[in-house]
Amino acid sequence: MSPKDEPRPYLPLSTRAQEAVVAETKNPLLDILADLWHPESNPNGFFSVGIAENVLMHDVLLEYINKQLTLPAKYLTYNDGGAGSTRLKKATARFLNRHLSPFTPIQPHHLAITNGVSSAIEQLSWIFANPGDGILLGRPYYGQFIPDLAMRPAAKVVPVNFDDCNPFEPAAVEKYEQALLQFESQTSNKVRALVLCHPHNPLGRCYPTRTIVELMRLCQTYQIHLISDEIYALSTWENRIDRTPAPVKFQSVLSIDPTDIIDPGLTHILWGMSKDFGANGIRIGVIVSQANAGVHSALRGTSLYSYVSGLSDYIAANILEDDAFTDQYIEMNRQRLGDSYHFVAEYLQQHGLEYERGGNAGFFIWVNLGKKYLESRQKIHYDGPDLTQEIMDRLCSQKVFLASGNAFGSEKPGWFRIVTSHPTAYLAEALRRIELAVGN
């Protein structure tokens with residue numbers, strides 16, 4: 001082998017790239033996705049109830065898409081630019097007006113379309129925060145928020161601890177203020193935004209209006225942006241099994257009259273096709289900012305990096321323009337999500353597994369596996385290095401994957417997120433394996 005043919009030495013990466021490499025090595029998700037269970041092609045693969053995908057309505061959506069797909073040549077071009085086609089913006093504005101009941105009707109120019117809500121979150125983090133600036137995020141949180149907000153924009157996520165305070169009650173707003181003041185007293189940077197996951201992932205509940213109003217007042221006081229991620233807005237359902245605490249009906253942040261509460265230019269919501277339409281792969285995210293022209297100017301300048309494919313743009317517009325189909329779809333989806341939640345919650349109750357009750361939104365249950373794990377070993381306290389990781393290792397040995405509380409900023413060890421939006425037979429086998437992992 002000549003010197004020119006020899007492998008080149010490992011070349012140095014930027015600091016931020018090195019941080020991304022470290023984060024990737026700690027994330028088992030890609031390995032799980034490459035080894036998912038299939039009854040024929042991979043019978044020894046993982047049962048995954050850890051990824052927030054809704055597969056319950058795939059048959060209905062695919063049948064509709066495949067009947068409607070006659071792609072015009074325009075969608076093979078750059079179309080109307082990187083922030084979404086005029087047609088899609090009109091369809092989305094009309095759809096959201098019907099379902100979110102905004103105080104100020106949404107207009108197409110209030111919207112920017114991105115290739116998924118993760119891109120939307122990253123864009124807003126980049127727009128609002130300088131490197132090192134803080135963004136408030138209540139615990140537990142959706143784990144992907146951390147890289148979305150911080151990896152490339154270089155903002156600092158400021159986790160908010162609630163201790164024994166209910167994170168959905170107005171009293172929790174004081175915890176956000178304490179986190180803000182502590183961050184600003186310890187750094188030379190400012191907090192620039194507060195991210196609300198509403199409905200909440202992983203707790204599966206909606207914020208009461210009075211709490212949202214108090215959060216809006218907090219943002220107004222400190223002149224920080226309120227970003228409400230409402231990607232599960234239409235994935236709400238009736239809880240028929242555990243109504244304590246009482247489930248709260250979803251109300252969009254945009255439906256609240258901001259007068260004398262918050263400058264509308266500080267309020268922004270996110271929505272997308274991934275969850276409410278069970279279509280993560282279509283990659284459609286929506287930023288709704290109704291009173292901040294600067295946001296849209298900045299988004300236009302960077303839209304090339306979050307450009308939606310023409311095919312996704314076309315498919316999404318077809319769906320959102322069809323009121324009869326979407327109304328039927330949403331109702332059927334709510335029924336199936338409620339049934340799946342009921343099945344899992346009933347199993348957890350029957351097997352003595354503690355979980356956060358009162359859910360009525362999203363695809364998940366926040367479950368305490370640590371308590372059952374210790375009880376099965378006749379222990380009260382855990383004296384090892386990491387209870388959550390120990391349970392995760394046992395889950396993986398049973399070839400079942402859940403989202404770990406460590407990745408979701410859980411304030412207490414041993415908590416995990418179970419995704420319920422799967423067929424009953426699949427859930428039954430996943431739950432059986434979970435029980436084996438935490439039992440003797």
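Counting from 1, the numbers follow the sequence of the chain as shown. These values consider heavy atoms only, across backbone and side chains, with no hydrogens, waters or symmetry-generated copies.
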Quick test of your reading of the model: are [X] and [Y] salt-bridged, counting only N-O distances below 4.0 Å?
X: R98; Y: D327; value: yes
X: R334; Y: D276; value: no
X: K372; Y: E435; value: yes
X: R210; Y: E169; value: yes
X: K67; Y: E63; value: yes

Donor on one side chain, acceptor on other, [X] and [Y], under 3.5 Å:
X: D80; Y: S85; value: no
X: N201; Y: Y141; value: no
X: E390; Y: Y382; value: yes
X: Q123; Y: Y305; value: no
X: Y355; Y: D242; value: yes
X: S306; Y: N115; value: no

I'd like to know whether the aromatic ring centres of [X] and [Y] sit less than 6.0 Å apart in this structure.
X: H422; Y: F363; result: no
X: W37; Y: F46; result: no
X: Y232; Y: Y142; result: no
X: H200; Y: F168; result: yes

In a table with atom names and distances, give each donor-acceptor pair under 3.5 Å that connects a side chain of residues 397-408 to protein atoms at least two apart or in another chain.
residue : atom : partner : partner atom : Å
S397    : OG   : R394    : O            : 2.6
K399    : NZ   : D35     : OD2          : 3.2
K399    : NZ   : N44     : O            : 2.8
S404    : OG   : N406    : N            : 3.0
N406    : ND2  : D386    : OD2          : 3.1

Ring pair (Phe, Tyr, Trp, His ring centres under 6.0 Å) between H225 and H268, intermediate numbers included: CA-CA 8 Å; H225 294 272; H268 323 271; 5.1 Å; yes
Cation-aromatic face contact R377/Y373, 6.0 Å, 45 degrees: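 Flagged: R377 positioned over aromatic ring of Y373.
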Listed partners of R192 passing salt bridge (charged side-chain N to carboxylate O under 4.0 Å, His left out), at least two apart: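 R192 satisfies salt bridge (charged side-chain N to carboxylate O under 4.0 Å, His left out) with D133 only.
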Any donor-acceptor pair under 3.5 Å from Y329 side chain to F277 backbone: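 Answer holds: yes.
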